[in-house]
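Worksheet for the structure shown next.
In what follows, every heavy atom counts, from backbone to side chain, and hydrogens, waters and symmetry copies are set aside.
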Amino acid sequence: MGQSTNNSPASTNILEKWFHLSEQGTTIKRELLAGLTTFVSMAYILFVNPSVLGMAGMNKGAVFTATALSAIIGCLLMAFLANYPIAIAPGLGDNAFFTYSVVLAMGISWQTAMAGVFVASVIFTILSLMKVREAVINAIPHDLKLAIAAGIGLFIAFVGLQGGGLVVASKSSLVQLGSLTVPTTWLTIFGVLAIALLMAKRVPGSIFIGMILTTLLGLFTGLIKMPAHIISLAPSMKPTFGVALTNLGKVNTPQMWAVVLIFLLVAFFDTAGTLVGLAQQAGLMKNDRMPRIGQALMADSISMLSGSVMGTTPTAAYVESSAGIAVGGRTGLTALTVGVLFAFSLLFSPLLTVVTTQVTAPALIIVGSLMASSLAGIDWLHFEIAFPAFMVVAGMPLTYNISYGIAFGFILYPLTMTVAGRRKEINWIMWTLLFVFILMLYVLNVLP
Ligand SMILES: Nc1nc2[nH]cnc2c(=O)[nH]1
């Protein structure tokens with residue numbers, strides 16, 4: 001009794017018992033530093049998520065609170081169920097699909113779309129519990145999984161370039177460079193440069209720091225208005241809480257089933273792929289397999305489920321966790337630290353008004369470039385693989401729809417592989433998906 005510091009024998013013993021720190025060759029101090037590093041690398045989502053979902057018509061304050069709470073739930077579950085140094089929060093790929101493809105392009109209300117997220121998360125949770133999850137993960141060709149991540153990267157970068165005014169519509173060529181005489185566009189240019197240079201210098205939390213610098217420049221030049229307060233109680237989730245449940249009845253349409261399928265595919269494969277990549281980076285794979293992958297998927301699926309009820313799009317295992325792993329994070333204590341910091345951040349909602357589109361745009365562009373790095377793993381030398389992968393990557397930004405990119409790849413892949421004499425490598429799940437995606441194109445494009 002009487003000792004209350006983190007390093008007291010009692011608390012050390014508890015943390016040791018929960019997280020097996022010495023077995024993983026790590027220390028409390030290193031895990032806390034890793035958690036702080038990952039948190040500052042991903043804290044931008046607290047402002048970017050309300051900005052993107054706000055465009056779908058959702059209440060920004062409620063989304064802010066739902067974002068923080070779903071991240072807290074995800075990180076705590078990751079810490080205690082799976083003991084991995086991996087943080088969870090609403091993914092940029094998923095919120096972009098929700099707003100730009102489902103709500104704005106297909107004209108589905110955000111309320112119905114959120115009910116779709118809920119249904120997808122229930123299926124995801126069931127899948128995480130069942131042993132077939134490994135079979136499903138292995139059934140999708142590695143190159144297509146990489147192409148999906150890279151395509152989403154290009155898509156969100158495109159969204160950022162437009163949001164920041166750098167790319168605008170053109171009558172003759174569809175897109176062109178925006179005007180460099182617009183002052184707010186220069187805020188975005190400054191933000192991209194600031195973050196890119198900080199990243200090139202390997203500064204932890206580059207995105208967060210770059211966004212703060214851009215906001216300060218905006219405030220200083222009068223392009224952004226001063227906030228009324230800096231801290232306050234977290235905004236109420238009343239405008240969004242439970243909406244997914246009250247709209248469940250509206251999911252029963254062909255369009256919504258197609259949307260549910262894409263939410264499920266993106267959420268499941270994004271998290272599964274990211275988990276394995278991060279576990280490899282941390283040296284936590286055993287015989288080329290990830291121990292406790294079921295628990296880690298479960299942590300994500302439950303936070304996605306609770307997020308959809310509270311009012312946010314699917315959560316993902318964050319690629320930014322690699323920043324904390326790079327500074328030594330190896331256990332769930334890193335994830336727990338991120339969760340605690342998200343709890344503190346609930347107080348900072350008044351800053352939502354200063355984080356404008358020009359401030360969030362650089363984050364989208366830079367995270368897009370990070371996600372595009374999976375292009376490196378694609379087998380470009382074999383046309384039967386390279387072309388379907390290319391069509392996934394090019395299809396997402398150019399059709400402004402993540403589902404179409406995925407559909408192009410899944411329809412082409414079994415065909416090009418078969419003609420190339422590699423039919424044996426295509427399993428029945430891929431043939432089934434070929435027909436599912438042809439049906440999906442019909443439902444999303446021809447039927448309406
Ligand atoms: N894996 C992953 N990491 C992210 N970091 C920010 N957004 C995302 C996302 O959608 N997926």
When rounded to the nearest 0.5 angstrom, what is the spacing between OG1 in T360 and CG in L364?
5.5 Å

Evaluate the side-chain proximity of I86 to L275: yes if any heavy-atom separation is below 4.5 Å, no if none is.
yes

Under a 3.5 Å threshold, yes or no: a donor from one side chain and an acceptor from the other, between Q358 and T188?
no

Are the side chain of T38 and the backbone of G35 linked by a donor-acceptor contact shorter than 3.5 Å?
no

From Q280 atom CD to I325 atom CD1, the distance as rounded to the nearest 0.5 Å:
11.0 Å

When you measure from the side chain of N445 to the backbone N and O of L441, does any donor-acceptor pair fall under 3.5 Å?
no

Supply the atom-to-atom distance M298 CE to I293 CD1, rounded to the nearest 0.5 angstrom.
13.5 Å

Aromatic plane relationship, F158 with Y400 - under 30° parallel, 30 to 60° tilted, over 60° perpendicular:
perpendicular

Checking the side chain of N83 only, and the main-chain atoms of T331 only, is there a donor and an acceptor separated by less than 3.5 Å?
no

Answer with yes or no after comparing the ring centroid distance for Y413 and F387 against a 6.0 Å cut-off, counting only values under it.
no

Mark yes or no for whether R292, through its side chain, and Y84, through its backbone, hold a donor-acceptor pair below 3.5 Å.
no

Main-chain N/O of V52 paired with T99 side-chain donor or acceptor, under 3.5 Å:
yes

When rounded to the nearest 0.5 angstrom, what distance separates CG in L341 from CE in M42?
10.5 Å

Any side-chain heavy-atom pair from F390 and I378 closer than 4.5 angstrom?
no

Has the side chain of E31 got a donor or acceptor atom that lies under 3.5 Å from a matching backbone atom of T26?
no

List the steps, then state whether side chain to side chain contact (heavy atoms under 4.5 Å, CB included) holds for F410 with M440.
CA-CA 11 Å; F410 280 77; M440 198 195 83; over 6 Å; no

Do the non-hydrogen side-chain atoms of F118 and L245 ever get within less than 4.5 Å of each other?
yes

Given side chains that start at C-beta, do those of V168 and V175 come closer than 4.5 Å, heavy atoms only?
no

More than 12 heavy atoms of other residues, nucleotides or ligands under 6.0 Å from CZ of R423: yes or no?
no

Does one side chain, of T274 or D270, offer a donor that lies under 3.5 Å from an acceptor on the other?
yes

Using modelled atom types and a 3.5 Å cut-off, is there a donor and acceptor pairing between side-chain atoms of S51 and backbone atoms of T357?
no

CE (M371) and CG (L154) are apart, to the nearest 0.5 Å, by 10.5 Å

Whether the Y100 and Q162 side chains hold a donor-acceptor pair (N or O, under 3.5 Å, no angle test) is what I'd like checked.
no

Check: T315/D300 side-chain N/O donor and acceptor closer than 3.5 Å
yes

Using atom types as modelled and distance alone, determine if a side-chain donor or acceptor of E425 lies under 3.5 Å from a backbone N or O of M417.
no

Between T37 and G324 (side chain of the first, backbone of the second, donor and acceptor by atom type, cut-off under 3.5 Å), is there such a pair?
no

How about L264 and F124: do any of their side-chain heavy atoms sit closer than 4.5 Å?
yes

Would you mind telling me which of I207, L92, T312 makes a side-chain contact (heavy atoms from CB on, under 4.5 Å) with I45?
L92

Checking N401 against S403: is there a side-chain donor and acceptor pair closer than 3.5 Å?
yes

Counting only N and O atoms by type, is there a donor-acceptor contact under 3.5 Å from the side chain of N95 to the main-chain atoms of T313?
no

Can you confirm whether or not the ring centre of F19 sits under 6.0 Å from the ring centre of F80?
yes

Decide yes or no for R133 and F268: does some side-chain heavy atom of the first lie under 4.5 Å from some side-chain heavy atom of the second?
yes

Hey, what do you get for CG (L198) to CD1 (I209), rounding to the nearest 0.5 Å?
5.5 Å

